[in-house]
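One structure is given here, and the rest of the page talks about it.
Keep in mind that this is a model prediction, so the values were computed, not measured.
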Amino acid sequence: MAVLLKTTPLGRYLQGTGAALALGLMAGLAGALASPAASAAPTLSGGIIADLKGLEQRLADDPAGVEAKAESQAERLTGGNASDRWARALYLQLAAGAASAQNRPEEAADHLASARRIDGVEQAQRDRWLRQEIEQRIQAQQRQQARALLEDWLLRHEDVEALWTLAELAAADEDWEAAADGVERAKAADPQPSQARLDFAGGVMHKSGRLDQALAALEARLATDPADADAWRRAAAMAQRLGDPVRAAALWEAGWRQGALSGNDDLERRIELHLAAGTPARAAELLERALAEGVLEDSEQRRRLLAEAWFQARDHDQALHAWQTLAERSDAGSDWLRLGQIAAGWGREQTAREALNRALAKGEDEAKTWLGALSAGSQTGQGAAAEPGAGATDSPRPSDEGAG
């Protein structure tokens, strides 16, 4: 599973370069000097403004020199008046841009954190620097700090992108419970997530063990991309792990109808899922058609599966015919015995005797017991055996016959 989406504004900084981030920080410096928040800030001297702009112009050619000068100026202004504190904050932002341009995001983030903590800075400006610091922490792979900062950001902002990024960061740390909680928060705020986000959500829920939600995410994905065969297979497998074979069979059928699932392997899986889901008649119909049309090889194993499917479906004629066909083909004592047992349980005495005698001739000693029970039933006039559903089970025993 791809742990990080890299599709959110913050997440993309994981792929960014220091130079690109520095440009964003410098745009922020210009904004800090001209924004409404800045207009409420203390007035800066013309010399400070000129110095800040001059350093900004040197940034592309001499980022190290700019950072050193900005740090020095910020240190010089420590403990000054309100104007000095505001100027110090702007020098720290400039130092952050210079550090970022040198691909040193951790130092850039530290400069921004220092700027945010200066007294007298408007909350709107603090939040701009907070967001930039988050970007730098992500770039520096300081995910725990970035997560804490994002939580702070989200206290004051409704930000879907930040919610997804928070989940991504938790997933990158393999903190699956936190990632799953983050995905739930993000999905609640994002009613139409992208395909990539649905995939990410499903992967996180699967990793966290929340299979029901993982399956829901996968089903949502399939609603928009029904051609993904692997996704249909994963969804059906997940439904089975959740103990819902009916849902698994329904998902496989949906994938088959969409044309995503096809071929012999998928057909056999389709049959198996119907058997597991308690729809054996449908499984038998599919298998019988596939054998008749030559889609699947007509093997003894598949004939045995067909016979058992018709038996589970309680279709007496079809089941007895299928078992008779199999026993004649394999001539195995166990198949004749099974036919005899089923026929006896369903009151088909003649078929039962013939099959049990063939089984006995093949060395199946258990057939003697069944033949004895048939004879006893005939002598008492109670018939061969009870019908399934009137005392017999899926594997009728001689003791069922004449009991009661």
Side-chain angles (χ1 to χ4, degrees), residues 9-10 12-14 16-142 145-146 149-150 152-153 156-157:
L10 295 182
R12 278 195 295 270
Y13 282 95
L14 290 168
T17 64
L21 294 173
L23 290 174
L25 287 167
M26 289 306 94
L29 174 61
L33 292 170
S35 68
S39 66
T43 302
L44 297 178
S45 69
I48 290 291
I49 293 174
D51 189 45
L52 284 167
K53 290 183 176 179
L55 288 172
E56 182 181 8
Q57 291 172 357
R58 287 172 48 198
L59 179 63
D61 296 327
D62 184 19
V66 168
E67 183 181 9
K69 178 64 182 297
E71 287 178 330
S72 175
Q73 289 286 66
E75 180 65 24
R76 182 180 65 81
L77 293 165
T78 301
N81 58 25
S83 292
D84 290 340
R85 290 195 297 271
W86 176 235
R88 179 170 184 265
L90 295 179
Y91 276 114
L92 286 169
Q93 179 178 354
L94 185 58
S100 180
Q102 299 170 76
N103 288 314
R104 293 168 46 235
E106 184 175 348
E107 289 81 357
D110 290 343
H111 289 316
L112 289 165
S114 296
R116 288 194 301 109
R117 288 193 290 266
I118 292 175
D119 290 340
V121 176
E122 295 288 326
Q123 185 61 54
Q125 183 59 57
R126 289 181 192 275
D127 279 349
R128 277 190 284 274
W129 284 335
L130 172 62
R131 186 166 183 120
Q132 290 171 340
E133 181 186 347
I134 292 168
E135 295 161 0
Q136 297 293 321
R137 298 294 180 194
I138 293 173
Q139 181 71 14
Q141 299 294 306
Q142 294 180 309
Q145 290 170 266
L149 294 171
L150 272 169
D152 182 25
W153 169 267
R156 296 178 300 282
H157 301 85

Say you draw a straight line from [atom1] of [X] to [atom2] of [Y]; how long is it, rounded to the nearest 0.5 Å?
X      : Y      : atom1 : atom2 : value
Ile138 : Leu150 : CD1   : CG    : 6.0 Å
Ile49  : Leu90  : CD1   : CG    : 9.0 Å
Leu112 : Glu107 : CG    : CD    : 12.0 Å
Leu149 : Arg137 : CG    : CZ    : 6.5 Å
Glu56  : Arg58  : CD    : CZ    : 12.5 Å
Ile118 : Thr78  : CD1   : OG1   : 7.5 Å

Shortest non-hydrogen separation from [X] to [Y] and the atoms involved:
X      : Y      : answer
Ala108 : Ser100 : CB-N, 4.0 Å
Leu55  : Val66  : O-CG2, 3.4 Å
Gly80  : Asp84  : CA-OD2, 3.5 Å

Whether the side chain of [X] engages the backbone of [Y] through a donor-acceptor N/O pair (distance < 3.5 Å, no angle test) should be reported.
X      : Y      : answer
Ser83  : Leu44  : no
Arg116 : Arg126 : no
Gln93  : Ala89  : no

Do the side chains of [Y] and [X] get nearer than 4.5 Å, heavy atoms only?
X      : Y      : result
Trp129 : Leu92  : no
Glu67  : Arg104 : yes
Gln132 : Asp127 : no

Sole candidate of Lys69, Gln73, Glu75 that passes side-chain hydrogen bond (donor to acceptor under 3.5 Å, both in side chains) when paired with Tyr91: Gln73
message: Pair His157, Arg131 - check side-chain contact (heavy atoms from CB on, under 4.5 Å), show working.
response: CA-CA 11 Å; His157 301 85; Arg131 186 166 183 120; over 6 Å; no
task: Give the intermediate values and the outcome of side chain to side chain donor-acceptor pair (under 3.5 Å) for residues His111 and Gln136.
output: CA-CA 10 Å; His111 289 316; Gln136 297 293 321; over 6 Å; no
